[in-house]
Amino acid sequence: MSELYIRVAEDENEEPMEIPSEDDGTVLLSSVAAQFPGACGLRYRNPESQCMRGVRLLEGVLHAPENDWGNLVYVVNYPKDNKRKMEEIDAASAVKIKRGFQKTSDLIVLGLPWKTTEQDLKDYFTTFGEVIMVQVKRDAKTGNSKGFGFVRFTDYETQTKVIAQRHMIDGRWCDCKLPNSKVFWAGACPDEPMRSRKIFVGRCTEDMTTDELRQYFMQYGEVTDVFIPKPFRAFAFVTFADDQVAQALCGEDLIIKGVSVHISNAEPKHNNIHQLFPQFPGGSASLAAMFARSQYQFPSSHV
DNA sequence: GTTGAGCGTT
């Protein structure tokens, strides 16, 4: 029946320590904590299922599984494990709240004069509100402007105002719109796709290192892996310990080193247009894309 | 060295 001592260790592979039990066969949490300061419970590996199981804890008293501690080694639980989990959930819900709230997106700026620079763009758009990112898209070889760019504002009200009107920039009329990618993903990547722990980070620049990406994404939760393909391909994969964190970031545009990167689910091959719209049989991707656009032209978060 | 509707080197 009840043992005089049970074997407790910091870790399954650590040297166990014997902890005294009470006369009724229970073990006081305070007895465990006397040897393992900060302990908040015990767990053990169930020999049948090979899974870890928690030991019942009621008012500071640990109860033997099936009334017999047996000869198992019990592993100490510490509150820091739970705390870490909580931090990750908080980060995930913070992102979700931010998303449900009126969050700004990058806007495409169409019709820019060839000569317009990022500084020009910043100067112009700052008259509407605080600007957090501007880009002018250029030919990689020649450096010539492609005549369009992107802007992102701090406040959603600013964004709304900017979209609503035309803009005279350096002598040409320009339009600001939600980019197609944004419109598409807003509808096609809701909340419950694959629950992957891995995210795809698109539009990376060549100077972003794995360390920098790890440092950046740590704020959302524990990062278990960062992968940057070589040679440079302008994207990266980041894996989190918690799928909730990864999923919460999906669809976001984040700014890393002043560059707007786009987060989507890893493995986009399972997310292509034909899989999303099977009613358009093979070959008609452009038709399917038009359909997708017409469906998601005004996603609820932007009306 | 050109150009003027589009969509960000997945």
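The basis for the numbers below is simple: all heavy atoms, side chains too, and nothing from hydrogens, waters or symmetry mates.
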Exercise. Is a side-chain donor or acceptor of A:R7 paired with a backbone partner of A:N71 at a separation under 3.5 angstrom?
Worked result: yes

Mind calculating the distance between [atom1] ([X]) and [atom2] ([N]) to the nearest angstrom?
{"X": "A:E118", "N": "B:dG8", "atom1": "CD", "atom2": "P", "answer": "16 Å"}
{"X": "A:W173", "N": "B:dA5", "atom1": "CH2", "atom2": "C1'", "answer": "19 Å"}
{"X": "A:R172", "N": "B:dT3", "atom1": "CZ", "atom2": "C1'", "answer": "10 Å"}
{"X": "A:I263", "N": "B:dG8", "atom1": "CD1", "atom2": "P", "answer": "17 Å"}
{"X": "A:F200", "N": "B:dG8", "atom1": "CZ", "atom2": "P", "answer": "13 Å"}
{"X": "A:R152", "N": "B:dG8", "atom1": "CZ", "atom2": "P", "answer": "17 Å"}
{"X": "A:K141", "N": "B:dG1", "atom1": "NZ", "atom2": "P", "answer": "11 Å"}
{"X": "A:F237", "N": "B:dT10", "atom1": "CZ", "atom2": "P", "answer": "13 Å"}

Of the candidate nucleotides [options], which contains the atom at the shortest distance from the side chain of [X]?
{"X": "A:H262", "options": "B:dT10, B:dG8, B:dT3", "value": "B:dT10"}
{"X": "A:L110", "options": "B:dG8, B:dG6, B:dT3", "value": "B:dG6"}
{"X": "A:K137", "options": "B:dG4, B:dT9, B:dC7", "value": "B:dT9"}
{"X": "A:M133", "options": "B:dG6, B:dG8, B:dT9", "value": "B:dG8"}
{"X": "A:P179", "options": "B:dT10, B:dA5, B:dG8", "value": "B:dG8"}

Seminar exercise, completed: By nearest-heavy-atom nucleotide on DNA chain B, the more 5' of A:K146 and A:E206 is A:K146

Problem set entry | Of A:F235 and A:K177, the one whose closest DNA chain B nucleotide lies more 5' | A:K177

For this session: Sorted by first residue and then second, give each side chain to side chain donor-acceptor pair (under 3.5 Å) pair with at least one member in residues 48-63 of chain A; sequence neighbours left out.
Result: A:N46-A:S49

Exercise. Just checking A:P113: base, sugar-phosphate only, or nothing, at a heavy-atom cut-off of under 4.0 Å?
Worked result: base

Exercise. Contact class for A:L112 (heavy atom, under 4.0 Å): base, sugar-phosphate, or nothing?
Worked result: base

Exercise. So, do A:F148 and B:dC7 meet the stacking rule of ring centres under 5.5 Å and planes under 30°?
Worked result: no

Exercise. Going by heavy atoms in the side chains, are A:M208 and A:I256 under 4.5 Å from each other?
Worked result: yes

Exercise. In the single-linkage hydrophobic clustering (I, L, V, M, F, W, Y; side-chain heavy atoms under 4.5 Å), do A:L178 and A:F148 co-cluster?
Worked result: no

Exercise. Using a distance-only test with no angle check, is there a side-chain donor-acceptor pair under 3.5 angstrom linking A:Y220 and A:Q244?
Worked result: no

Exercise. Is a donor-acceptor contact shorter than 3.5 angstrom present between the side chain of A:D106 and the base of B:dG8?
Worked result: yes

